[in-house]
Amino acid sequence: MKAAASQAGSTSSDPLLQPFRLKGLTLRNRVVSTSHASMLDDGGLPLERYQRYHEEKARGGLAMTMVGSSAMTSPDSSWGGGQLDLSTDRIVPHLQSLSQRVHRHGAAIMCQVSHLGRRATAYAGNWLPPVAPSRVRETRNRNFPKEMDAADIDRIIKDYASAARRCVDGGLDGVETVTGGHLIGQFLSLRTNRRTDGFGGSLENRARFGLMVHEAIRRAVGDDFAVGIRFVIDEAVEDGSDFEECLAFARLFEREGHIDFFNCIFGRMDTDLSLAEQNMPGMFSQSAPFLPLVGQFKRETRLPVIHAAGIRDIATARHAIRENLVDLVGMTRAHIADPHIVNNVMRGEEERIRPCVGASYCLYKKVQCIHNPASGHETIISHTIMRAETPKRVVVIGGGPSGMEAARVAAERGHRVSLLEAGARLGGQVLIAASASDRRDLIGIVDWRVDELARLAVEVRLNTYAEAEIVIAAEPGAVIVATGGVR
């Protein structure tokens, strides 16, 4: 590779803009987007819409985008769709295209490779039974998995290695596996591993499968390719692995020498509640709730640390790097709200970053954002607004989020815009929603647009009913009515 490279601002004193060396890869800054289920694949392949989504983030200046959340190493690792399928060579040319597009913009790209174990479903895809270390029912999908025998273990280890090799052939810069609720984590945790053979019981035995997986991956990809692990640092449940046990596992993985980084996560992922509170905390959670514990983990280990969970703003990200709590900060959902975060920082325009408000519209479905319609729709909507050939006089009626967005886009296109709002404040019904304490962050949808309208010199007239004579007097070339509906 490869990609990572120089960018103006890399010599800045801003900790977020400092380069970082990860294995043989020089990342241009400290901001990454971690693997997540975008649901933009086409039959398990990263085709145009998948590629455009990740390319936009690379264009926006981040150091690395990570693709393929829960990407299938094996045919019996399907949750029913929405995963990249790394189980055959058919994906390689598409990975090559994707990696070339990301590298073209100076960013690196990695892929998560994993086997779901008992999180897989028998009722979709190949209709294959889920497998796991032990026959312990999965909480969320309610499947009873088949207990893995020696042949299953050998097969899946080989599948991990083959999947990682396809990422090398696809021109990627690295891979990560997953503990947590995935198969490696199911072997680690006493909650899901009741075995009495060499893969169960003691801490060393429970780590054996994961260690064998990473040894096989390293043999398949060579010494120069980055290999990491998305690693649970505390299962946060009474019968699971606590911080001290997870730390002991981490030291075993470090000692074996086959991994290059930890991507730290917290808690479980076998219920909807744990996913929403622990894996992907939203507006009901405090900002970056697990960052202090991740910092403690980093102090007691030696490999580089990545972390993403509720880090939605630049101030928190900068704090995480400056205080050495992490080496690379994941702003994954923040990049769904605004894929150009880093470019805005480099231009000294942090205030123009469209804020992630934690509304979680991006959870459990195809990537989308409550107030950035272009995310996940890059093939039909551009994140960059083009100037109109012939500027017009535009009147927008209604100062809720839709009217504000219409006025903003029209002004960005070069039109001269007036916004008429009957109330005393802009924001419409978002003002009501944000008045609830647990939903107060929604006000970012309004505040960002208020600032943008001011920057664009949009005339905002509050306490103004759009009577016919007022609209006609403006001599508009276009009128946009955004007053909502009445029942």
Side-chain angles (χ1 to χ4, degrees), residues 283 336-340 344 347 349-359 361 368-487:
M283 73 174 77
I336 297 175
D338 189 340
H340 297 163
N344 276 297
R347 289 194 297 264
E349 296 180 338
E350 288 181 32
E351 73 282 353
R352 294 205 58 207
I353 296 171
R354 188 191 307 246
C356 173
V357 299
Y361 266 51
Q368 56 187 313
C369 178
I370 194 172
H371 71 133
N372 186 350
S375 283
H377 300 91
E378 284 78 10
T379 58
I380 57 175
I381 305 176
S382 174
H383 288 270
T384 302
I385 298 170
M386 305 299 292
R387 300 285 289 186
E389 293 183 6
T390 305
K392 297 180 179 180
R393 182 79 171 90
V394 176
V395 172
V396 179
I397 303 171
S402 295
M404 295 173 72
E405 179 70 356
R408 183 189 74 85
V409 171
E412 286 277 17
R413 297 206 68 198
H415 300 303
R416 190 160 57 95
V417 183
S418 292
L419 174 61
L420 310 182
E421 165 56 36
R425 293 178 61 189
L426 296 175
Q429 294 189 48
V430 172
L431 299 177
I432 300 172
S435 65
S437 59
D438 285 342
R439 296 174 180 249
R440 61 186 179 275
D441 287 349
L442 287 173
I443 199 63
I445 296 170
V446 175
D447 289 346
W448 180 76
R449 285 172 172 79
V450 168
D451 290 343
E452 285 293 287
L453 295 181
R455 180 185 67 83
L456 293 164
V458 170
E459 179 193 24
V460 176
R461 299 173 62 181
L462 301 175
N463 300 307
T464 302
Y465 283 94
E467 304 288 357
E469 58 270 21
I470 294 177
V471 176
I472 292 170
E475 299 183 348
V479 178
I480 300 172
V481 180
T483 55
V486 177
R487 291 195 297 174

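- Between R393 and E459, at least one side-chain nitrogen of the basic residue sits less than 4.0 Å from a carboxylate oxygen of the acidic one, meeting the salt-bridge criterion.
- Under the 3.5 Å distance criterion, the side-chain polar atoms of T379 are left unmatched by any main-chain donor or acceptor of H377.
- Using a 4.5 Å cut-off on side-chain heavy atoms (C-beta onward), I336 and N372 make no contact.
- Classification of the H383-H340 ring pair by plane angle, with boundaries at 30° and 60°, yields tilted.
- The minimum heavy-atom distance linking L462 with G423 is given by the pair CB-O, 3.6 Å.
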Original post:
side chain to side chain contact (heavy atoms under 4.5 Å, CB included) between M404 and V458: does it pass, once the steps are laid out?
Top reply: CA-CA 10 Å; M404 295 173 72; V458 170; over 6 Å; no

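- Annotation: the span from S437 atom OG to M283 atom CE amounts to 11.5 Å, rounded to 0.5 Å.
- Minimum interatomic distance between P476 and V395 (heavy atoms only, all atoms of both residues): CB-CG2, 3.8 Å.
- Each of V471, V396, N463, V479 was compared with L420 under the side-chain contact (heavy atoms from CB on, under 4.5 Å) criterion, and only V471 meets it.
- The shortest non-hydrogen separation linking P355 to G444 is CG-O, 3.7 Å.
- What you find for V417 and A411 is that their closest heavy atoms are CG2-N, 3.7 Å.
- Under a 3.5 Å cut-off, the side chain of R354 and the backbone N or O of H371 do form a donor-acceptor pair.
- Atoms CD1 and CG, on I432 and L442 in that order, are 12.5 Å from each other to the nearest 0.5 Å.
- Considering all non-hydrogen atoms of both residues, I443 and R425 come closest at CD1-NH2, 4.3 Å.
- The residue from E351, E349, E350 that alone fulfils the salt bridge (charged side-chain N to carboxylate O under 4.0 Å, His left out) condition with R347 is E349.
- Atom CZ of R413 sits in a crowded spot, with more than 12 heavy atoms from other residues, nucleotides or ligands closer than 6.0 Å.
- Identified under the salt bridge (Lys or Arg N to Asp or Glu O under 4.0 Å) test for residues 446-455, with sequence neighbours left out: R352-E452, E405-R449, E412-R455, E452-R455.
- Across all non-hydrogen atoms, the minimal contact from P401 to G427 is CD-O, 3.5 Å.
- Residue E469 qualifies as enclosed at atom CD: its count of foreign heavy atoms under 6.0 Å is above 12.
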**OP:** Evaluate the side chain to side chain contact (heavy atoms under 4.5 Å, CB included) criterion for residues E421 and V460: first the C-alpha distance (whole Å), next the side-chain angles of each, then the deciding distance (0.1 Å), finally the verdict.
**Re:** CA-CA 8 Å; E421 165 56 36; V460 176; 5.8 Å; no

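- Atom CG of N344 and atom CG of D338 lie 5.5 Å apart (nearest 0.5 Å).
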